[in-house]
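Only one structure is covered here, and it is reproduced in the block below.
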Amino acid sequence: MKLIIIGTGSRGRVYARYAKEYGAQIVAVADPNEERLQDFAAKFSVPKDGLFKSWEDVFKLEKFADAVIISTPDRVHYGPTMAAFEKGYHVLLEKPMSPVEQECRDMVNKSIEKGLILMVCHVLRYAPFYEKLKEIIDEGRIGQIVNIQHTENVAYWHFAHSFVRGIFRNEAISSPWILAKSCHDLDMITYLTGKKCKSVVSIGNLMHFRKENAPEGAPEYCLDKCSYEKSCQYFAPALYLKQITNVTWPSDVISLDTSFAGRYEALKKGPYGRCVYKCDNGVVDHQSAIFEMEDGSTATFNMIGFSSENTRTIRIYGTKGDIRAHQSKNEIEINDFLTGEKEIIKIDESITRKGHGGGDERLLRDFLDAVEGKPSEKKTSALNSLQSHLMAFAAEKSRKEGRAVEIEY
Ligand SMILES: NC(=O)c1ccc[n+]([C@@H]2O[C@H](COP(=O)([O-])OP(=O)(O)OC[C@H]3O[C@@H](n4cnc5c(N)ncnc54)[C@H](O)[C@@H]3O)[C@@H](O)[C@H]2O)c1
């Protein structure tokens with residue numbers, strides 16, 4: 001199994017590690033960031049003639065591998081995916097597929113036309129927690145679903161890292177938040193209900209991370225002697241310099257040199273050292289949406305960037321019972337209306353401790369199995385994934401235009 005990885009950032013590395021464990025060989029990588037490219041090549045033993053500055057150079061060559069993993073920024077998904085199909089590669093594509101609706105549709109159509117696999121990294125479909133929820137629903141234990149209440153609780157520090165200072169902070173470089181992050185949640189709504197969404201209404205805005213909310217006299221960078229060090233929970237050195245060894249996410253992405261000195265240097269004038277009230281951010285910090293599904297059931301969804309915990313919480317109301325589930329507690333509670341019985345299921349934490357509750361590794365393995373022609377579930381086929389993307393585009397349209405939006409398939 002020979003693989004090409006386009007984009008050697010944090011997601012590319014996650015998949016590279018699991019691909020190596022699977023026994024695959026990474027024969028080529030592309031990234032315009034020379035430092036990252038070289039570092040990645042050394043870590044994952046990529047041959048010297050397999051290093052490329054951009055995806056265009058890779059696809060100028062005749063096909064030389066079995067599949068391509070595309071883990072570039074959101075706006076660099078469509079080009080390499082379409083080029084990979086032209087050369088006959090199967091593709092594993094990071095979510096969101098693209099910030100442009102037509103491009104999402106085009107990629108799905110092209111994969112069907114060429115008879116090539118296009119799987120999207122909706123890793124939660126492979127997480128045991130969600131697999132269990134799906135199993136309970138499909139067994140009919142709570143009857144027909146009437147309503148789902150799904151909340152994405154993003155921890156305050158995670159929100160500031162990714163959506164204020166980081167690479168998902170504005171639509172020009174990434175996507176609207178409901179697409180960038182919550183296409184996972186919308187995917188869960190269609191996955192768990194097994195239904196398509198008909199229409200949506202949504203509201204939300206950027207309420208807090210705005211220039212007018214900056215404390216008086218706060219400098220542009222926290223390290224420029226900010227006097228709010230003790231009173232601001234977003235003070236960058238407190239968030240990124242606490243770990244001395246075993247530096248983990250998100251502190252390990254602010255600089256390639258993850259030593260204390262390397263990270264300190266990165267905070268001086270780098271994006272993650274900025275005052276959260278003085279960034280070039282624009283994505284909403286809270287948004288709600290109500291989806292009407294094809295069978296008349298509804299799903300209410302909240303995403304909030306001000307949470308103490310980083311987790312998803314779900315309540316599912318059925319005609320025969322209901323479910324409360326808490327992702328990071330690995331806990332699913334099922335209540336049966338007829339018997340009055342309550343069952344609490346705990347998901348094995350040794351699996352869920354891995355990336356995305358165990359979903360990253362299991363998705364990658366399923367993709368590689370599919371490429372090898374082994375039995376595979378292909379649970380995140382692009383056709384499945386397209387649905388959540390259409391829900392996100394419609395929700396964003398509703399939020400901006402202040403009206404209900406119907407979804408066209
Ligand atoms: N599945 C998930 O749960 C999940 C989680 C986080 C991020 N993502 C998605 O994964 C993608 C990558 O995110 P990340 O966190 O790894 O970002 P990152 O910034 O760490 O990595 C992206 C890499 O792509 C490289 N790149 C940019 N332009 C390129 C080009 N033309 N050719 C080749 N490489 C190029 C960048 O230099 C960078 O190294 C994004 O689309 C993001 O939304 C998915």
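Atoms within each ligand, like the ligands themselves, are counted from 1 in listed order.
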Open item on the list: Which of the numbered atoms in ligand 1 are under 4.0 angstrom from any heavy atom belonging to W55?
Closed with: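 Going through ligand 1 atom by atom, the ones under 4.0 Å from W55 are 30 (C), 31 (N), 32 (N).
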TODO: Below 4.0 angstrom from a heavy atom of P96, which ligand 1 atoms are there? Numbered from 1 as shown, please.
DONE: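 By the 4.0 Å cutoff, the relevant atoms are 43 (O).
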Using a strict threshold of under 4.0 Å (side-chain N to carboxylate O), is an ion pair present between [Y] and [X]?
X	Y	answer
K268	E265	yes
K110	E86	yes
D57	K60	yes

With a 4.0 Å cut-off on heavy atoms, is [X] in contact with ligand 1?
X	answer
F52	no
A30	yes
H77	yes
G79	no

Got an N/O contact under 3.5 Å between [X] and ligand 1?
X	value
C121	yes
K53	no
H356	yes

Considering heavy atoms of the protein only, find what lies nearest to [atom] and give residue, atom and distance to 0.1 Å.
atom	answer
atom 1 (N) of ligand 1	E94 OE1, 2.9 Å
atom 17 (O) of ligand 1	I167 CD1, 3.4 Å
atom 15 (O) of ligand 1	S10 OG, 3.4 Å
atom 18 (P) of ligand 1	R36 NH1, 3.8 Å
atom 29 (C) of ligand 1	P32 CD, 3.4 Å
atom 9 (C) of ligand 1	K95 O, 3.3 Å
atom 2 (C) of ligand 1	H184 NE2, 3.4 Å
atom 43 (O) of ligand 1	D74 OD1, 2.8 Å

Open item on the list: Is the terminal nitrogen or CZ of K230 (NZ for Lys, CZ for Arg) located under 6.0 angstrom from the six-membered ring centre of F235 and within 45° of that ring's axis?
Closed with: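 K230 over F235 ring: no.
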Open item on the list: Is the positively charged end of K379 above the ring of Y126, judged by distance under 6.0 angstrom from the centroid and angle within 45° of the axis?
Closed with: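 Yes, a cation-pi geometry.
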If we count only N and O atoms by modelled type, under 3.5 Å, do the side chains of [X] and [Y] hold a donor and an acceptor together?
X	Y	result
D106	Q102	yes
D360	Y18	no
Y409	E294	no
E94	Y15	yes
N310	H158	yes
S297	D295	yes

- [ ] Tell me which one of P250, P73, G9 gets a heavy atom nearest to atom 24 (O) of ligand 1.
- [x]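 Answer by nearest heavy atom: P73.
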- [ ] Would you tell me which option among D31, I70, I5, N33 has the nearest heavy-atom contact to atom 36 (C) of ligand 1?
- [x]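 Going through D31, I70, I5, N33 one by one, D31 has the nearest heavy atom to atom 36 (C) of ligand 1.
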Open item on the list: Check whether R141 reaches the backbone of G321 with its side chain - one donor and one acceptor, N or O, closer than 3.5 Å.
Closed with: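 Not at all, since once roles are kept as given, no pair shorter than 3.5 Å links the two residues.
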Indicate, as side chain, backbone, both or neither, the part of [X] found under 4.0 angstrom from ligand 1 when only non-hydrogen atoms are considered.
X	answer
T72	both
D360	neither
S71	backbone
R11	both

- [ ] Taking the side chain as every heavy atom from C-beta outward, state whether W55 and I4 have any atom pair closer than 4.5 Å.
- [x]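 No. Closest side-chain heavy atoms not under 4.5 Å.
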- [ ] Taking side chain to side chain contact (heavy atoms under 4.5 Å, CB included) as the test, write out the residues that go with S307, two or more places apart.
- [x]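 S307 satisfies side chain to side chain contact (heavy atoms under 4.5 Å, CB included) with N153, E309 once adjacent residues are dropped.
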